[in-house]
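Small disclaimer: the values here were computed from a predicted structure and weren't measured.
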Amino acid sequence: MSAVIDDRTFGERVSDAVTRVGGSWAFIFWFSAALAGWAAPNLLLARSARAFDPYPFIFLNLILSTVAALQAPVIMMSQNRHAEQDRRAAEHDYRVNLRAELEIMHLHDRLQLNEAQLQRIEAAIAALSASQAEWKPTATPLADA
């Protein structure tokens, strides 16, 4: 088993983790539950004027704006890094395919050369066979003495 070397920087590992967590259904579920957990007590406590963030939830909006302002660029950094990896992989694939195409063209040329040589050999054999058929021995074979 070969060890996988992780050459990502700390920031790249963080942005990948944020992207992995922030782009999951589990995050959506837990974030929705946290919003409901914030709103419900504040709505209930608003009747007695003891809500820590009364409706329209200004502090919650500040927190959500901050999270969005930080999360969006971090996710974009991760996506940009993955796009660069994909671009390098595509470039590598292109070079491999180009080499394979050149090798196939070389093999095709060699095959055509072999076919031409085979045709010349077959023509020479046919000419030899034709000349042998025309050649008739003038002497009779020696009898056993």
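Ion pairing between R88 and E91 fails under the 4.0 Å rule for side-chain N and carboxylate O.
The CG atom of L70 lies 11.0 Å from the CD1 atom of I75; values are rounded to the nearest 0.5 Å. S15 contributes atom OG, which lies 12.0 Å from atom CE of M76 (distance to the nearest 0.5 angstrom). Here L64 contributes atom CG and L35 contributes atom CG; the two are 5.5 Å apart, rounded to the nearest 0.5 Å. Atom CZ in R8 sits 8.5 Å away from atom OG in S78 (nearest 0.5 Å). Summarising the geometry, atom CG belonging to L44 is positioned 11.0 Å from atom CZ belonging to R50; distances are rounded to the nearest 0.5 Å. One finds the CG atom of L102 at 11.0 Å from the CG atom of N97 (value rounded to the nearest 0.5 Å).
Note on F59: it clusters hydrophobically with V67, by side-chain heavy-atom contacts below 4.5 Å among ILVMFWY residues. Placement of F57 and F52 within a single hydrophobic cluster is found when ILVMFWY residues are connected by side-chain heavy-atom separations under 4.5 Å, directly or transitively. At a threshold of 4.5 Å between side-chain heavy atoms, the hydrophobic network of Ile, Leu, Val, Met, Phe, Trp and Tyr places V96 and I104 in two separate groups.
Sorted by first and then second residue, the salt bridge (Lys or Arg N to Asp or Glu O under 4.0 Å) pairs with a member in residues 99-120 form an empty list; sequence neighbours excluded. Residue pairs satisfying the side chain to side chain donor-acceptor pair (under 3.5 Å) criterion with at least one member in residues 52-69, sequence neighbours excluded, are listed as follows: W38-D53. Residues in residues 76-120 take part in no ring-ring contact (aromatic ring centres under 6.0 Å, His included) pair, two or more places apart or across chains.
With a 4.5 Å cut-off on side-chain heavy atoms, F27 and V18 do not count as touching. Residues L43 and P41 are not in side-chain contact: their nearest non-hydrogen atoms beyond the backbone lie 4.5 Å or more apart. A 4.5 Å side-chain heavy-atom check between Q117 and L113 finds at least one atom pair inside the cut-off.
Remark: the backbone N or O of T9 is paired with a side-chain donor or acceptor of E12 at under 3.5 angstrom.
Within 6.0 Å of CZ in F10 there are 12 or fewer heavy atoms belonging to other residues, nucleotides or ligands.
Looking at every heavy atom in both residues, R13 comes nearest to D6 through CD-OD2, 3.5 Å.
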